[in-house]
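Report on one structure; see the data block that follows.
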Amino acid sequence: MESILGAGFFGIEVFTPPWDVIFLPLFNALIGLYRVLFSDLALAIIGLTVLIRTVLAPLFVRQIRSQKEMQRMQPLVREVQRKHKGNQRKISEETAALYREHGVNMFGGCLPLLLQLPILFALYQALTRASSAVTYSPSEEHKASFDAFLAANPAIESLGNNQYHIPFDGSCAIPPDFHAFLPLNCQLITPLKLDAPVDTVIEWLTNPFTGVSLNLGAIDHAFSIFLFGGFAISGIAIIAGILQFIQVRMTSARAGSDDPTATTTQTMTYLFPIMTVVWGGIFPSGLVLYWGVYTAYLIIQQFLIMGWGNLFPLFGWQPRWAPSPEAGDIGMTRPAKSPTPPPTDGREAPVPAKAGGQRRPSRKRRGREGRRR
């Protein structure tokens with residue numbers, strides 16, 4: 001495989017499987033959108049997010065519908081648990097059979113998450129590579145070889161604090177141990193080869209009070225509040241955390257319900273947004289921007305499938321345009337009205353009364369005997 005997709009394949013000179021099978025398509029897609037969308041890395045990240053979400057949409061639609069159906073099935077699951085109390089094996093078998101009967105996959109929600117994790121890691125590496133900033137601290141064992149490597153590649157610029165700036169073009173003959181220092185063009189297809197470094201500073205995302213523009217290749221210093229130890233709370237991460245809260249709450253069980261997963265989902269509702277805010281002070285702001293746009297796309301997708309879900313009431317607030325909890329699930333079909341049962345004693349069914357309370361007299365069919373009289 002390496003001989004087929006290795007050096008010279010559409011201009012890609014360095015290919016290292018299996019990781020590059022995931023990384024190189026995302027890296028080339030990001031640079032391609034960057035060149036198409038006015039050399040704006042923020043627009044490229046937004047475009048890549050929409051592209052990834054659209055490709056994975058069928059999996060997430062299935063996940064959302066599966067979660068909704070599992071919530072509706074909880075009364076049946078509890079009945080199985082009550083019926084076979086103390087027999088865990090029988091409960092597992094009956095529960096699995098119940099899910100199969102309703103066409104619900106208990107592990108259907110894991111696949112989108114498993115697909116998302118390598119994409120996040122690959123995108124993190126793509127953003128780091130695109131920013132041309134590499135953080136590397138050699139061990140004592142590799143220090144001599146690393147010093148020799150830097151001496152042989154003077155185009156790599158030391159920025160201090162174990163950070164280095166890599167060129168966008170140059171020789172690709174770099175030892176495998178130091179592939180993080182590859183010039184960008186070494187892993188780009190020929191139509192996407194760069195003539196200049198990627199501009200990670202976004203001028204239209206500038207703090208009007210400080211005049212600092214957002215650098216997507218670094219931790220957010222434009223819209224952030226610095227705390228102890230240099231840790232910063234990113235404004236972009238706060239927005240992403242709020243969106244994460246909305247997204248999880250829409251699909252979580254209502255507080256106080258009999259759903260056994262209610263406690264877990266309620267914890268996730270608050271834990272995930274907090275983790276998103278913390279990550280904003282650790283990872284590059286470009287990755288946080290991706291996560292915020294990704295979550296906003298997911299909210300729209302969930303709304304089109306299940307409405308507002310269980311988002312409201314939100315801290316006691318119930319807007320007029322959102323259904324109340326007493327209204328039940330959106331999309332539930334109403335039972336059809338049963339027709340009026342036919343009379344069983346041979347008599348005619350009662351005639352409905354006219355407006356005003358008067359009852360219409362019944363017309364009797366006259367036979368030959370009636371005409372004789």
Side-chain angles (χ1 to χ4, degrees), residues 2 5-7 9-37 39-49 51-52 116-138 146 149-150 153 155-202 214-220 279 282-291 294:
E2 187 172 1
L5 301 177
F9 180 76
F10 288 122
I12 296 177
E13 301 182 50
V14 179
F15 175 80
T16 307
W19 174 243
D20 281 350
V21 175
I22 302 175
F23 166 70
L24 287 184
L26 288 176
F27 181 55
N28 280 269
L30 179 64
I31 299 300
L33 290 171
Y34 169 77
R35 298 192 62 176
V36 170
L37 299 175
S39 297
D40 191 306
L41 188 59
L43 296 181
I45 292 174
I46 295 173
L48 183 63
T49 307
L51 178 63
I52 292 174
Q116 182 63 19
L117 289 178
I119 291 175
L120 279 175
F121 291 141
L123 184 61
Y124 170 71
Q125 186 176 347
L127 287 171
T128 304
R129 297 261 304 138
S131 65
S132 299
V134 175
T135 301
Y136 183 79
S137 179
F146 181 66
F149 166 73
L150 291 180
N153 295 272
I156 299 176
E157 179 186 357
S158 176
L159 303 176
N161 296 326
N162 296 323
Q163 288 189 333
Y164 302 88
H165 186 273
I166 60 175
F168 67 92
D169 200 8
S171 173
C172 300
I174 291 180
D177 293 339
F178 306 117
H179 270 183
F181 295 88
L182 281 170
L184 301 184
N185 284 341
C186 293
Q187 294 188 303
L188 291 175
I189 62 177
T190 299
L192 302 179
K193 299 290 185 181
L194 295 171
D195 300 325
V198 175
D199 187 8
T200 59
V201 178
I202 310 302
L214 184 65
N215 185 358
L216 297 178
I219 298 173
D220 179 15
W279 289 339
I282 301 174
F283 295 107
S285 56
L287 194 65
V288 182
L289 176 63
Y290 164 80
W291 190 250
Y294 170 90

Counting distance only, does the side-chain N/O of [X] pair as donor-acceptor with the main-chain N or O of [Y] below 3.5 Å?
X	Y	value
Arg35	Lys193	yes
Asn185	Asp195	no
Ser285	Asn215	yes
Asn28	Leu192	no

Within the structure provided, determine whether [X] and [Y] are in side-chain contact (heavy-atom separation under 4.5 Å).
X	Y	value
Ile166	Leu182	no
Leu43	Leu33	no
Ile174	Pro183	yes
Phe146	Asp177	no
Asp199	Ser39	no
Ile119	Tyr290	yes
Arg129	Val198	no
Tyr164	Ser158	yes

Enter the distance from [X]:[atom1] to [Y]:[atom2] here, rounded to the nearest 0.5 Å.
X	Y	atom1	atom2	value
Phe181	Leu150	CZ	CG	6.5 Å
Ile12	Cys172	CD1	SG	11.0 Å
Thr128	Leu123	OG1	CG	9.0 Å
Thr190	Phe10	OG1	CZ	8.5 Å
Gln187	Leu24	CD	CG	5.0 Å
Leu120	Trp279	CG	CH2	8.0 Å

How far apart are the closest heavy atoms of [X] and [Y], and which atoms are they?
X	Y	value
Ser131	Thr200	CA-CG2, 3.5 Å
Leu216	Leu41	CD1-C, 3.8 Å
Pro167	Ile156	CD-CG1, 4.3 Å
Ile22	Ala122	CG2-CB, 3.9 Å
Ile31	Ala130	CD1-CB, 4.3 Å
Ala196	Phe168	N-CE1, 3.7 Å

With Thr49, the side chain to side chain contact (heavy atoms under 4.5 Å, CB included) member among Ile45, Ile52, Leu51, Ile46: Ile45

More than 12 heavy atoms of other groups within 6.0 Å of Phe121 CZ: no

Pair Phe283 and Tyr124, ring centroids less than 6.0 Å apart: yes

Aromatic plane relationship, Phe149 with Phe178 - under 30° parallel, 30 to 60° tilted, over 60° perpendicular: parallel

